[in-house]
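Take a look at the structure set out below.
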Amino acid sequence: MRVNGKPTRTIWLAADAKDGIGDIEVIDQRKLPHAFVTVRLKSLDEAAVAIREMWIRGAPLIGATAAYGIALAMRVDPSDASLAKAYDILLETRPTAINLRWALDDLRNTLKQVPPERRAVAAYRRAAEICDEDVAICSSIGDHGLSVIKQIAAKKAKGETTNILTHCNAGWLATVDWGTALAPIYKAFDAGLDIHVWVDETRPRNQGASLTAWELNQHGVPHTVIVDNVGGHLMQHGRVDMCIVGTDRVTTNGDVCNKIGTYLKALAAKDNNVPFYVALPSPTIDWTMKSGMDIPIEERDGAEVTVMTGRTKDGQVVDVTITPEGSPAANFGFDVTPARLVTGLVTERGVCAADEAGLKSLFPSH
Ligand code: MRU
């Protein structure tokens, strides 16, 4: 996608890399929307911090960064012990997004077949491939999701805007490029469809208000930021034609784990007959898990709930506390939307029912 008109990905090899080996650069998403800042990851530990502290975030980008985290470890020490240690350090950074384990397993399997002296080159090459594959996958999700939006738009009266609600950030910032839930939206906008996006702010980290809104602004897509509790009201009044969200893990029964608050949107959508779609790349499917109820749900620091960051009128970015001294806060990062509330899963291979038969019809080798 473009930042200030310049084609940009969320992760790339630094320009001073030699023979495909070097530092990694990412967009520091903590600084958005107030500043566009990139940061260099020079070591395994820095890659782990970037994932854990959410300098980067979003399931596919977490996977891509973890792959480069292994590469950064291999350029220093390509031994079996170093590979095992890097795998463990990266795996514990965030528990919910399955793309993390998927990417780490991929790198470990690839590198086990390569002698240590060639592992750094192989790791960087595979990490770069994972990034390119993610871009292609997300573009395909965009194409299949565009068909869904076109069908829904076709039912509207002539001249009526199609209103799409999304939660959290499942745009290009959450992937290497394009995004998952936002890819169909970008493709619909580029195809000239009259669309408008309701953007859930997504407390406590405000990925909607900060990141999705910033992305949509960069691309010129009409949108409105709403607080997390508005969606149900809008749906009751016929002001949402479809919902589309991303996901951090889909289990084989079609349950969908995504940013906290997604479940409530799906309930409201069901009650109001609003189609509720989930966009996902295949590495987000956990073929080893049968039910979403078994997914580990990340619990983060309560300070993310009690303290908010924002820009003052004079341009300073400051933290403010919004709760009384001494009130504890709980911070559950994700929830599970049962498959029965999901209209369809939009993957790189097409749209399927949110159940095992649907998933296997698109991915029969599993
Ligand atoms: O905690 P985050 O910001 O990493 O959570 C991200 C989400 O929940 C996204 O919606 C999900 O990863 C899908 S990203 C394409």
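All residue numbers in this chain count up from 1 along the given sequence. Indexing begins at 1, ligand by ligand and atom by atom, following the structure's order.
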List every atom of ligand 1 that sits less than 4.0 Å from any heavy atom of [X], numbering the atoms from 1 in the order shown and giving each element.
X    : value
A59  : 12 (O), 14 (S)
K259 : 1 (O), 2 (P), 5 (O), 8 (O)
A174 : 14 (S), 15 (C)

List, one per line, each side-chain donor-acceptor pair under 3.5 Å for residues 45-56, sequence neighbours excluded.
from : atom 1 : to  : atom 2 : distance (Å)
E46  : OE1    : K42 : N      : 2.8
R52  : NH2    : E92 : OE2    : 3.0

F363 and W287 aromatic ring geometry - parallel, tilted or perpendicular at 30°/60° bounds: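 Rings of W287 and F363: perpendicular, over 60°.
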Ring geometry between F36 and W214 (parallel below 30°, tilted from 30 to 60°, perpendicular above 60°):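 Judged by the thresholds at 30° and 60°, the geometry between W214 and F36 is parallel.
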Lys/Arg cation over aromatic F276: K265, 6.0 Å, 45° cone: no
Residues D106 and R101 bridged, charged N to O under 4.0 Å: no
If you measure from each heavy atom of [X] to ligand 1, is any distance below 4.0 Å?
X    : answer
R94  : yes
L280 : no
R205 : no
P60  : yes

Within reach of ligand 1, part of Q207 (heavy-atom separation under 4.0 Å): side chain
Part of V245 with heavy atoms under 4.0 Å of ligand 1, whether side chain, backbone, both or neither: neither
Polar proximity ligand 1 side, M54 side, N/O cut 3.5 Å exclusive: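 Looking only at distances, the answer is no, because the N/O contact criterion of under 3.5 Å is not met.
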Any N/O pair T180/ligand 1 closer than 3.5 Å: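 Such a contact does not occur with ligand 1.
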Worked verdict on R108 versus D80 for salt bridge (charged side-chain N to carboxylate O under 4.0 Å, His left out): CA-CA 10 Å; R108 187 170 62 178; D80 285 354; over 6 Å; no
Nearest heavy atoms of I195 and P222, plus distance in Å: O-CG, 3.6 Å
